[in-house]
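All remarks here apply to the structure that follows.
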Protein chains: 2
Amino acid sequence: MIETIHQSVQVTFRYPVCFTEGLFRTNNPLLKDAVCGHAQEDTPRRIVCVIDRGVVRHHPGLVASVKEYCRHHGASLELAGPPLIVDGGEDAKNHPSYVTRIHRAVESLGVDRHSYVVAVGGGAVIDMVGYAAATAHRGVRLIRVPTTVLSQNDAAVGVKNSVNAFGKKNFLGTFAPPHAVLNDYRFLTTLSDRDWTGGISEAIKVALLKDAEFLAFIEAHAGDLVRRDMRAMRWLIYRCAELHLDHIATSGDPFESGSSRPLDFGHWAAHKLEHLSGYTLGHGEAVAIGLALDSTYSYLVGLLGEHDWRRILGLLSRLNLPTHAPELGAHLHDRADVRCVLNGLDEFREHLGGELTVTLLRKVGEGIEVHEIDERKVVESISLLGEYQTSLLTGRTA
Amino acid sequence: MIETIHQSVQVTFRYPVCFTEGLFRTNNPLLKDAVCGHAQEDTPRRIVCVIDRGVVRHHPGLVASVKEYCRHHGASLELAGPPLIVDGGEDAKNHPSYVTRIHRAVESLGVDRHSYVVAVGGGAVIDMVGYAAATAHRGVRLIRVPTTVLSQNDAAVGVKNSVNAFGKKNFLGTFAPPHAVLNDYRFLTTLSDRDWTGGISEAIKVALLKDAEFLAFIEAHAGDLVRRDMRAMRWLIYRCAELHLDHIATSGDPFESGSSRPLDFGHWAAHKLEHLSGYTLGHGEAVAIGLALDSTYSYLVGLLGEHDWRRILGLLSRLNLPTHAPELGAHLHDRADVRCVLNGLDEFREHLGGELTVTLLRKVGEGIEVHEIDERKVVESISLLGEYQTSLLTGRTA
């Protein structure tokens, strides 16, 4: 005899994604309002601030500004302790001690589920702090202040967090929407050229999948973007964030319980390449190569026309984004070698769970999901990309 | 200039809570169906099974049955590795190595987000395994097989998981609904009398808050329950689980973003007492004392009538549930002493976050939330409970 109660639980998460300049200027109300709403509170809300060391290096006055901001808005905000400074980049996600350090701070500073952890930094720091915040007290409130193109237009606007473990990227993590995302364009001014352009690859990705007009904008402003024109970059980030947010809200599977991951176009190879390069390739650069590879594959299997394929490679090149890396080819003919990029397909399937689902391109602005990948065609794509790169170096068309 | 995108993400979680007998008998389809639905799958789904050592001790054939069940249903299920055996009780939640061990198993056994972790055990094991499963790959699917009264009627039916850290109960955890909850009454037959009756206190709690008729049922069957009548216990568990599930689905705040926690009646003291006793008091016993204390407080501040107050204490006593413990009084007059039970109020507020919100009783079947607790009245309540206990021991009415 079996009795069953069918449980159904609906949860609605709401959060603002704001774009500003000078977040920690005392006359900018954004952070204070994100913490308190517009209501008057009896007691100030407690804040723990975690900042990316790289951001502090480029903005030496930042820690003082954060303290001054909280002092100025002392009726609303209270720094529970001095800001924690953590290493940026993949190191943030590779060392479990950072997560423990944030947990310990939450514990010892009496931070509760109505207090805030404010994470200031690149995507890796935001991911790591998000994981720590989501697991302390079953979730203290997280305010993300992403400081790179990549994190402002992609990594920090969504509902995921993670750290690496057992040598696997993002092995530990949860789905936990933030309380607010506050993008401050001023942080972008000190990015290296590499980080500035690296983040553009996620915008190209989402444009290729969803918005041909947006791709045309990026093409039209490729020169401006390379020259670090802030107006072009602001629109690029805003539109890219908007497309990502719209996808999460309307895809029907925001916590990714199925095997489909349409926004992960180009990402199976990207994840593997990052790892194989020992993270000397940035995520944005690896994604650029992944986009080049899967676009080329789409072209070779007859899905994508040649004109669109050339447009994509051309755009990546004009933005100084890579379309090839030594890691692509070195171990390509020995699938048993874990360093073989093709193993990224299995790892991608395992991380998604269930059936392999890879997004390819049908045309600019339209993706298509497939469940089988012909490895010989991948090898062929890599070799074609190699020829393309050689032609760029020698100035001839492939 | 500030631009804002207002993001809204809706997530619906569905899971069955099933009641059966003999879950691992090969002719019981429940587990197989929970994993595969009724669809035919090409490849069997992978399962990692984690079992409470105490359950294995009382059911020596269990590991063999689990293996045999998976072999029999090999087209649907595949054990990814031998079942992991972990300590039960609070030890499961106190040792971070267990969480790491499960993460490592998920990693090394190639368990993906469409695979299953099956947790068999008491509430502590379910909580700990749930935390490990929720954080690996951002959530592998969890099937809970609770084996105690307490876990079947309360701990294992909800949307939370946790482990202890920094000496604080449930400091780490997430909100993560399970894939299915499979209650097998046969596991109850080997419980100690203490664990059998201990779990009844959560049923009394939810009856006091929400269902006077259910309280009358428990009163009418108190003798049957003490004599371990399985029919009475089955209904008690079913109804208690149903009331808990209904609350989670309809409260409007399933992931507890507010400060209100109406089902935590009696729990501020219970959590503290468990900790103060070094977990020699079981959770159910501590809840019984917490119910007695907050009912007495409700009576002394004029919310609850004397008749209802006496009914509650009388019922707890008839079920051999405690209404007093030495930990209640020992450090009562020194609030600076962390061993003072009154500090449980602050810790409760901190864990909920925001304003202190404590549920009291207005009458049997109806709770009421208050935001201030008069500590002198708590002290008075404890002393009245002490007198009540003395009167029980000496056979006189308080």
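Below, read A as the first sequence line, B as the second, and so on, with proteins coming before strands; counting in each chain starts at 1.
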*Hey, does Thr20(A) have a side-chain heavy atom less than 4.5 Å from the side chain of Glu3(B)?*
no
*Does the side chain of Val17(A) come within less than 4.5 Å of His6(B)'s, by heavy atoms?*
no
Is it the side chain or the backbone of [X] that comes within 4.5 Å of chain A heavy atoms, both, or neither?
X         : value
Asn161(B) : backbone
Pro177(B) : neither
Ser115(B) : neither
Val181(B) : neither
Ala136(B) : both

Calculate, to the nearest 0.5 Å, the distance between atoms [atom1] and [atom2] belonging to [X] and [Y] respectively.
X         : Y         : atom1 : atom2 : value
Lys160(B) : Arg138(A) : NZ    : CZ    : 4.5 Å
Thr43(A)  : Glu355(B) : OG1   : CD    : 9.5 Å
Ser257(A) : His179(B) : OG    : NE2   : 10.0 Å
Phe171(A) : Arg104(B) : CZ    : CZ    : 10.0 Å
Gln7(B)   : Asp246(A) : CD    : CG    : 8.0 Å
His103(B) : Leu172(A) : NE2   : CG    : 5.0 Å

Residue selection (most heavy-atom pairs with chain B, distance under 4.5 Å) from [options]:
options                                   : value
Gly139(A), Gly252(A), Gly110(A)           : Gly110(A)
Lys168(A), His137(A), Arg46(A), Glu256(A) : His137(A)
Ala241(A), Cys18(A), Gly258(A)            : Cys18(A)
Val159(A), Thr12(A), Thr135(A)            : Thr135(A)
His114(A), Arg141(A), Glu107(A)           : His114(A)

What are the two closest heavy atoms between [X] and [Y], and how far apart are they?
X         : Y         : result
Ala249(B) : Ser8(A)   : CB-O, 3.5 Å
Phe166(B) : Thr100(A) : CZ-O, 4.2 Å
Ala134(A) : Thr174(B) : O-CG2, 4.4 Å

*Take atom CZ in Arg186(B); do more than 12 heavy atoms of anything else shown fall under 6.0 Å from it?*
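For Arg186(B), atom CZ is not crowded (no more than 12 foreign heavy atoms under 6.0 Å).
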*Could you have a look at Leu182(B), Ile5(B), Thr4(B) and say which one has the most heavy-atom pairs with chain A under 4.5 angstrom?*
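Answer, by heavy-atom pair count under 4.5 Å with chain A: Ile5(B).
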*asked:* At a 4.5 Å cut-off on heavy atoms, which part of Val111(A) comes close to chain B: side chain, backbone, both, or neither?
replied: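 Backbone only.
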